[in-house]
Amino acid sequence: MKQTLLGSCIRSLRIKHNLTQAQLADILGVTDKAVSKWERNLSYPDIALFPKLADVLETTVDSLLRECKEECRPSRLLKAFEMSRDIRMPLHIILGFVEIIRNSHDDPEMLQKYLDGIRISCEYMMTLLNRIQKENLDGKDREGRGEDYPLTSEELDRYLHEHISRGQTQLPTCQFSGKRVLVADDIAVNREIAAEILKQFGAETAFAEDGLICLHMMHAAPAGYYDLILMDIQMPNMDGIEATRKIRQLSDPKKARIPIIALTANVSDKEREAALAAGMDAFEEKPIFIDKLLAAIRRYLYPEEVT
């Protein structure tokens, strides 16, 4: 049986409270046209408006969200609400651990425990976001999620306790002294993070603010000057995909064969396939997990050592 649509619900409650579309729009700080579109089911209110909308119409946010279903298919708004709830759980843990660390900085064992907790929570959240992104692309519902996708607070608590017991993350044994890495990223903080990580393991870094600058730097440098490129994908002027294609077409074969590792926050299968098709050697995600990044760099700088 077809369920009541959100727009019809808003309209009936508005009329019940003797409000015109213009009056409701004025209270919410939106246009009359926006309210009209909601009521005709042409668009949804912004999820940030739901608490105020529920208050004005003397209902609850949950009641409005229940109306966001048509023929038992969750709307994109309901999915956004569920996603925000799922993300809040690990964020709450991360922020809580940060506050504990503020008062435990002189206790190395306690500090390590909560730093591990922050890392595990971040890994959990990345898994969560990757799965949500894949579902949105595939059009799958929540019921299609696998067992590796914990959702409830109890499951997250169990996940943390199981993984935090592994203790301090064991980083690969790496030494990149004498190696030069070109980092192409338009965000200064991202360049700084990559530089600090590489510096700890002896590598020198150079920076390009976009793909075009990266290409120019490869043209200008002698063959073999750079040993590897960490390449963001979404950059102004020239993105990482196009920059990689052009580097692979350089006339100097040594320059053209330089290892290129993608570093990107967009980890969709489509983006991964495009990166590899353009000639990138590996695909790593942001936020950076040091052990994974170091393993990838080592694999291409010292292939003879990797079994």
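Along the sequence shown, the residues carry numbers beginning at 1. The analysis underlying the following values was restricted to heavy atoms, covering all of them including side chains, and did not include hydrogens, waters or symmetry mates.
In this structure, V56 and L19 have side chains that are in contact, with non-hydrogen atoms separated by less than 4.5 Å. Looking only at side-chain heavy atoms (C-beta outward), Q21 and W38 stay at 4.5 Å or farther from each other. Residues M238 and K246 form a side-chain contact, since some pair of their non-hydrogen atoms from C-beta on lies under 4.5 Å apart. The closest side-chain heavy-atom distance from N190 to V183 is not below 4.5 Å. Between I187 and D232 there is no side-chain heavy-atom pair separated by less than 4.5 Å. Side-chain atoms of L263 and D185, non-hydrogen and from C-beta on, never get closer than 4.5 Å to each other. In this structure the side chain of L53 never reaches within 4.5 angstrom of the side chain of T59, judged on heavy atoms.
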Check your understanding: Can K16 and E58 be said to form a salt bridge (charged side-chain N to carboxylate O under 4.0 Å, His left out), step by step?
Key -> CA-CA 10 Å; K16 177 182 176 181; E58 296 182 8; over 6 Å; no
Review point. Under the salt bridge (charged side-chain N to carboxylate O under 4.0 Å, His left out) criterion, do R245 and E242 qualify, and how do the steps go?
Key: CA-CA 5 Å; R245 287 197 191 102; E242 184 62 22; 3.1 Å; yes
Practice item. Please assess Y302 against K179 for the test side-chain contact (heavy atoms from CB on, under 4.5 Å), listing each intermediate value before the final yes or no. Key: CA-CA 11 Å; Y302 303 107; K179 299 294 182 179; 3.4 Å; yes
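Surrounding NZ of K37 are at most 12 heavy atoms belonging to other residues, nucleotides or ligands under 6.0 Å away. For R11, the CZ atom counts as loosely surrounded, since its 6.0 Å shell holds 12 or fewer non-hydrogen atoms of other residues, nucleotides or ligands.
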Would you list the atom pairs, donor with acceptor, under 3.5 Å between side chains in residues 276-283 and any protein atom, with sequence neighbours excluded?
unit_1 : atom_1 : unit_2 : atom_2 : d
D281   : OD2    : R248   : NH2    : 2.9
D281   : OD2    : I260   : N      : 2.8

Only pairs under 3.5 Å count here: list side-chain donor-acceptor contacts from residues 206-230, not counting sequence neighbours, and write none if there are none.
unit_1 : atom_1 : unit_2 : atom_2 : d
D210   : OD1    : L212   : N      : 2.9
D210   : OD1    : I213   : N      : 2.8
D210   : OD2    : N237   : ND2    : 2.7
D227   : OD2    : R180   : N      : 2.8

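Across all their heavy atoms, L294 and I197 have their closest contact at CD2-CG2, 4.3 Å. Scanning all heavy atoms of the two residues, the minimum distance from K254 to D252 falls at N-OD1, 2.9 Å. When every heavy atom of M231 is checked against every heavy atom of I247, the shortest pair comes out as CE-CD1, 4.0 Å. For the residue pair A256 and L250, the shortest heavy atom distance occurs at CB-O, 3.7 Å.
Classification of the F176-F201 ring pair by plane angle, with boundaries at 30° and 60°, yields tilted.
I27 and I15 fall into different hydrophobic clusters, where Ile, Leu, Val, Met, Phe, Trp and Tyr residues are linked whenever their side-chain heavy atoms come under 4.5 Å apart, directly or through other members.
Taking CD of E39 as the start and SG of C9 as the end, the distance is 10.5 Å to the nearest 0.5 Å. Taken to the nearest 0.5 Å, the CD atom of Q112 stands 10.5 Å off from the CZ atom of R119. Rounded to the nearest 0.5 Å, atoms CG (D32) and CD (Q23) are 10.0 Å apart. The distance from the OG atom of S8 to the CZ atom of R40 is 12.5 Å, given to the nearest 0.5 Å.
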